[in-house]
Participant: 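Provided herewith is a single structure, encoded as structure tokens, for subsequent inquiry.
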Number of protein chains: 2
Amino acid sequence: MDAAAGLAAAAREGTPTRARTRAGEANMERILDAATEVFSAYGFHGARIGDIAEAAGMSKPNLLYYFPSKEALYSAALAQTLEMWVVPLGEMDETQEPAAAIGAYIVRKLEASRDKPAASRLFAMEIIQGAPYLMPLLTGPLKTMVEEKIATMRQWIAAGKLAPMDPLHFIFTIWATTQHYADFTVQVRALTQSDLSNPAFFAAARDNLLNVLLNGILPRP
Amino acid sequence: MDAAAGLAAAAREGTPTRARTRAGEANMERILDAATEVFSAYGFHGARIGDIAEAAGMSKPNLLYYFPSKEALYSAALAQTLEMWVVPLGEMDETQEPAAAIGAYIVRKLEASRDKPAASRLFAMEIIQGAPYLMPLLTGPLKTMVEEKIATMRQWIAAGKLAPMDPLHFIFTIWATTQHYADFTVQVRALTQSDLSNPAFFAAARDNLLNVLLNGILPRP
DNA sequence: GTCTATAAGCGGATAGAC
DNA sequence: GTCTATCCGCTTATAGAC
């Protein structure tokens, strides 16, 4: 979707890189993956450039050859994360049936929590810490997109396809519940000895969410 | 409730303090409040003892007179936070009607997000970072308590007072949705220009949650 | 109990050889 | 492009006067 792609692209702006060779690109990818992992686990200040370099299999100065500073690296890791975060929302539109559209969105978000948990945690930490890097994107493109989706849900309600409810708070409810499994994995694991990477657990989480959330908003027959 | 009090008390263990005078106690409280604020905003590593001291209105060495190290201070702030986190869960028991009991729990948690948002964020950061301090409490007392509440919900389901569902995932759903308003305040504010401290916004969030979550689990008439 | 001054160590970033 | 060696600033924690 356009808005989502634009949002992610906007986040990438102002991130000076290096080296356009094939090996260089591969290195940058390894660095970004390592950075996502380490930043999400220790926060911006707690993360050590040396740890990221080690995880990426290179020396500290070599990492700094590709990304000029810790801030630039953090910013780049966040930008990569954003894409995963907003694209699924863009896929929901008013031509679909609400139960199918919202159900698909919930499942996509839950899959994202399963497949890229560190990215979800990185995003969560950035927001918790006040969104120093992402704030312009929240108040700009993300807001526009959310308003679009609220309008879609209002149409569904007007058409009697959804029970009357507050679409904005319902979007928060979807975000909160699906991201919880990634952001609070450690707590989930402590209480269940399992997580989304276990197919049976994933299915149970998915069924609970579809069941509770869709039952909560579909009109009573 | 006993389990909840025990949990919070356990978290306080091993936190050597100082000074038992009245003024000393007041200072320690001011320090803990400041610490909760600063640690939740910057993370453990990002937080500066100097900033906490300033926010508490005293010098850095004086703060270190009350708490022997940054770690001890962090640990103490977390312990204070835990109480707020677990006590409401303990209040839910099988003598109540499920809709009333669960509804009351949701509202209590949402009030906690409104009244102590920094504490919620501190807890979230600790979990996201792997729960280095709280892990023993998660696998021990918290787990016991959650299992108790799951049993309660199973009784309600067996009695036909709740639709068949997965109580554990439903508890995650409640935690996720209520804490979202504290942990992601910055995003919520960016999208709505409001937050839980605004009574109308609080009412809208509460009504959405009660509506969606309770509709989702009450048996169809 | 509270302060000033300072010690000690760590981590981001750079210089410069290869 | 990648490394070793090093600089410099910043922050925790302590010493010791008041």
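Residue numbers start from 1 in every chain, and the chains themselves are labelled A, B, ... in the order their sequence lines are given, proteins ahead of strands.
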Participant: Has B:N62 got a side-chain N or O lying under 4.0 Å from the OP1 or OP2 atom of C:dT4?
Facilitator: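 It does not, given that no N or O in the side chain of B:N62 lies less than 4.0 Å from OP1 or OP2 of C:dT4.
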Participant: If you take any heavy atom closer than 4.0 Å to DNA chain D, which residues from residues 34-47 of chain B end up in contact?
Facilitator: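 Here the set is B:A47.
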Participant: Check side chain to side chain contact (heavy atoms under 4.5 Å, CB included) between B:E147 and all other residues, then give those that pass, not counting sequence neighbours.
Facilitator: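 Per chain and number, B:E147 pairs via side chain to side chain contact (heavy atoms under 4.5 Å, CB included) with B:K143.
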Participant: So, B:T173 and A:N208: side-chain donor and acceptor under 3.5 Å apart, yes or no?
Facilitator: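 A:N208 and B:T173 do have a side-chain donor-acceptor pair below 3.5 Å.
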Participant: Using a cutoff of under 3.5 Å, can you pull out all pairs of nitrogen or oxygen atoms linking the protein to nucleotides 13-18 of chain D, with atom names and distances?
Facilitator:
residue, atom, partner, partner atom, Å
D:dA13, OP2, B:K70, N, 2.9

Participant: Would you say the side chains of B:R121 and B:T185 form a donor-acceptor pair under 3.5 Å?
Facilitator: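 Checked: B:R121/B:T185 side chains pair up, N/O donor to acceptor below 3.5 Å.
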Participant: Would you say the ring centroid of A:H169 lies under 6.0 angstrom from that of B:F201?
Facilitator: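 Yes, ring centres under 6.0 Å apart.
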Participant: Report yes if a side-chain nitrogen or oxygen of B:S59 is closer than 4.0 Å to either non-bridging phosphate oxygen (OP1 or OP2) of C:dC3; otherwise report no.
Facilitator: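 So the side chain of B:S59 is within the cut-off, an N or O lying under 4.0 Å from OP1 or OP2 of C:dC3.
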Participant: Could you pull out all donor-acceptor pairs under 3.5 Å where a side-chain atom in residues 186-200 of chain B meets a protein atom, sequence neighbours excluded?
Facilitator:
residue, atom, partner, partner atom, Å
B:R189, NH1, B:D195, OD2, 2.5
B:T192, OG1, B:V188, O, 2.7
B:T192, OG1, B:S194, N, 3.1
B:T192, OG1, B:S194, O, 3.0
B:Q193, NE2, B:A190, O, 3.4
B:S194, OG, B:N198, ND2, 3.0
B:D195, OD1, B:S197, N, 3.0
B:D195, OD1, B:S197, OG, 2.5
B:N198, OD1, B:A200, N, 3.0

Participant: With sequence neighbours excluded, what pairs up with B:Q129 under the side chain to side chain contact (heavy atoms under 4.5 Å, CB included) test?
Facilitator: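 In terms of side chain to side chain contact (heavy atoms under 4.5 Å, CB included), with neighbours along the sequence ignored, B:Q129 is linked to A:M125, B:M125.
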Participant: Quick one: is A:Y66 getting a side-chain N or O under 4.0 Å of the D:dT2 phosphate, OP1 or OP2?
Facilitator: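 Yes, within the criterion.
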Participant: Let me have the donor-acceptor pairs involving side chains of residues 54-64 of chain A, under 3.5 Å, with sequence neighbours excluded, atom names and distances please.
Facilitator:
residue, atom, partner, partner atom, Å
A:S59, OG, A:N62, N, 3.4

